[in-house]
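Working notes for the structure below.
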Amino acid sequence: MSLSFLATTTPTTTSVNNPSFDRRSSKGTHSVVPTLIRKRFSPTSCEQKREGNGAERSGIDRRDVLVGLGGLCGATAAFGNNMAVGAPVQPPDLSACRLANDLQLVNRVECCPPYGTTTITDFVLPDPSEPMRVRRSSEALAADPAYLEKFRRAVALMKALPADDPWNFMQQAQIHCAYCNDAYTQVGFPAVSLQLHGSWLFLPWHRYYIYFWEKILGKLIDDPTFAIPYWNYDQPSGMRFPDIYKNSPKDQNPLFDCIRNPEHINGAVMDYRYEFGDPNPTPEQEETVILENQKYLYNMFAENLFNPGNFMGQPISEGQTLNAPGTLENLHAIPHRFASQVERPRWNMGNFHTAARDPIFYAHHAQVDRLWSIYKERRAITTPEFPTEEWLEASFIFYDENRNVVKCKVRDCLDPTNLRYMYQTDEKAWLNIRRSYYAQKRAAPRSAGADELVAISEFGTEPRLLDTTIRVLVTRPKASRSQEEKDEAAENIFIDDFTFDHTDYAGFDVFVTKATEGLATADLGEFAGSFVHIPHAHGPSDHRNILHLGITYLLEDIADAEASEQLVVSIVPRSGVITLTGVSIQLVPKEGI
């Protein structure tokens, strides 16, 4: 087993703060909620969309050795301060399916499956003798015309099935709507929506979802080796909209969807901190955007390798309501927004009611699934990320490739090879990005006033509206922690119990830097992470909203921050009306260390 998680070297300089390197540190100081469309509007074709569109526009360093050694240590469970205590979330009562919410509309919408009273059987893993399906990148499929034609034919056949066939393309898309837009409540808890976003259920549910989509496509073309592609936006060459999902005048491509952002499908680089309405990066900015994206990925893995709640979403039990997405789910919202139209109601990809109607949805979620697989591989621990029955016994219902309705448990999807699929081996350029990132950051010119000292105060006891950047002084549990202490517990920014309108889009970015006797420079410091919300139902309005961001190793890249007893946390609004109730820094025991 490799002893390193990331093959990288530590920057030779200690001063890396440079606000001019971050093009967006001053953006998002507005907070606007555009008017909702007051009608039911659910296009299933480009023609209907055009007729009904009345929406308005709006070397190896120490940290890497440590995280690579996880598999050599005993695994224990430590999920921070939000450990769920109770029974696992159960699958819905299909017969009780109701009209779902499109939270950008007034009227509820139909998303229920056509098999509500069917007998349900337990999912059985495929036989190990079945061929291994290898998922390749969309770029690889573009270079393989024969396989690409096979993929197109499978999707075309799915779209041509009768409208009430559970295998039909639209019926498959409705599954996402039903589970994510309030069509189901939790069994025994009629006031609690069954929601697959915002918790540790997000990744396993979507793994099953695209697994069955892939198996059905293979069945339609009678090819048990068929595998869907993934959108490899962790690679610089993949940070643009994939060519195979585009159309041309001579090509009626079944992978094409006209309800997309036309400004993004013709070569624009996707910024991992994109907000609706942001301009495309200029050619001069593209290199910086790609580098920042890769550093985002680096931090996401390095900080959270032994804090699965931070990476995958926090625990949730039966009867609970919680919106606590992990860093991977927050990142996943960006391609949804990038592919979506800016105009409300932001169909298809930008709205969970319609997201799965765009074939790019499945390539996107195959990439999310791939990143989870990489996370598990890098942890190198044989025990599950959450070794508790609450997670392992949580279950869902799907319609399989044999036309059976099956109950699927989380524990059965944790190893993709048991489901008889794997991902092609790709270079992971972001593993080696720290040297390049900080070299470019040091070389960038500093903006005027960057070194001017400003006074920073503590958050206070009263809630604060996030209508402009909020910078707060936060006391650390301990400064100058030893390496042994870092190995045992991760340092996290906790932004808990913030509130916002769940029927609208919302988001903010978080930065951290050192403080000197209550003062800090105008530079916001290092980017720690984001909260990115796409409207979806969570049931009662009193549920908790939680964001936890690891900063243990990030602080090593900020001059003198390790010795600071207080840090400055800056929260930059990007969208929505958000109210904060507090910011803290806490130590969370590492799992598996």
Side-chain angles (χ1 to χ4, degrees), residues 40 42 82 84-123 166 171-206 208-209 212 313-325 329 351-356 389-399 405-410 499-504 533-546:
R40 182 171 178 175
S42 183
N82 297 291
V85 179
V89 173
Q90 295 300 306
D93 177 358
L94 297 181
S95 66
C97 186
R98 62 189 182 186
L99 291 176
N101 275 321
D102 181 329
L103 294 175
Q104 291 296 291
L105 308 177
V106 172
N107 295 331
R108 295 176 73 92
V109 294
E110 178 61 64
C111 290
C112 294
Y115 46 85
T117 59
T118 307
T119 300
I120 299 171
T121 59
D122 289 336
F123 171 71
Q171 291 290 351
Q172 288 289 303
Q174 298 289 64
I175 295 171
H176 188 266
C177 171
Y179 267 99
C180 306
N181 286 64
D182 200 37
Y184 298 125
T185 60
Q186 291 192 31
V187 173
F189 301 90
V192 181
S193 296
L194 179 58
Q195 176 54 250
L196 280 309
H197 293 84
S199 76
W200 63 4
L201 299 179
F202 169 74
L203 290 171
W205 186 88
H206 284 84
Y208 274 123
Y209 183 35
F212 287 115
Q314 299 295 338
I316 187 171
S317 291
E318 182 182 65
Q320 290 184 335
T321 58
L322 180 72
N323 184 40
E329 184 176 351
N351 186 317
F352 286 161
H353 164 210
T354 57
E389 295 298 289
E390 290 172 273
W391 190 54
L392 299 173
E393 287 294 308
S395 53
F396 325 108
I397 292 175
F398 290 97
Y399 194 87
V405 180
V406 292
K407 175 182 176 181
C408 307
K409 293 183 178 180
V410 167
T499 62
F500 63 95
D501 180 2
H502 270 261
T503 68
D504 200 26
H533 176 75
I534 294 176
H536 52 274
H538 275 275
S541 60
D542 60 350
H543 66 264
R544 300 189 67 196
N545 299 303
I546 292 171

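Positions are given from 1 along the sequence.
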So which heavy atom on [X] is nearest to which on [Y], and how close?
X: Gly86; Y: Ser317; result: N-OG, 3.5 Å
X: Glu318; Y: Pro88; result: CB-O, 3.6 Å
X: Pro91; Y: Val187; result: O-CG2, 3.4 Å
X: Ser395; Y: Lys407; result: OG-CE, 3.3 Å

Pair Tyr184 and Tyr179, ring centroids less than 6.0 Å apart | yes
Ring centers of Phe396, Phe212 separated by less than 6.0 Å = no
Close side-chain approach of [X] and [Y], heavy atoms under 4.5 Å:
X: Lys409; Y: Glu393; answer: yes
X: Leu94; Y: Val405; answer: yes
X: Trp391; Y: Pro204; answer: yes
X: His502; Y: Asn545; answer: yes
X: Arg544; Y: Asn323; answer: no
X: Glu390; Y: Pro315; answer: no

[X] side-chain N/O to [Y] backbone N/O, donor-acceptor pair under 3.5 Å:
X: Gln90; Y: Ala394; answer: no
X: His176; Y: Phe352; answer: yes
X: Asn181; Y: Asn101; answer: yes

Would you please classify the geometry between the His533 ring and the Phe500 ring as parallel, tilted or perpendicular, with 30° and 60° separating the classes?
-> perpendicular
On the 0 to 90° scale, with breaks at 30° and 60°, tag the Phe398-Trp205 ring pair as parallel, tilted or perpendicular.
-> tilted
Rounded distance (nearest 0.5 Å) linking atom [atom1] of [X] with atom [atom2] of [Y]:
X: Cys408; Y: Tyr209; atom1: SG; atom2: OH; value: 14.0 Å
X: Leu201; Y: Ile316; atom1: CG; atom2: CD1; value: 6.5 Å
X: Phe189; Y: Thr321; atom1: CZ; atom2: OG1; value: 11.0 Å
X: Ile397; Y: Ile175; atom1: CD1; atom2: CD1; value: 11.5 Å
X: Asp504; Y: Ile534; atom1: CG; atom2: CD1; value: 12.0 Å

Let me see the working for Asp182 and Arg98 under salt bridge (charged side-chain N to carboxylate O under 4.0 Å, His left out), right down to the final yes or no.
-> CA-CA 8 Å; Asp182 200 37; Arg98 62 189 182 186; 2.7 Å; yes
Going through the distances and angles, do Cys112 and Gln174 end up as a side-chain contact (heavy atoms from CB on, under 4.5 Å)?
-> CA-CA 7 Å; Cys112 294; Gln174 298 289 64; over 6 Å; no
Would you say the SG of Cys111 sits less than 2.5 Å from the SG of Cys97?
-> no
Where do Cys180 and Gln195 land on the side-chain contact (heavy atoms from CB on, under 4.5 Å) test, with the steps shown first?
-> CA-CA 5 Å; Cys180 306; Gln195 176 54 250; 4.0 Å; yes
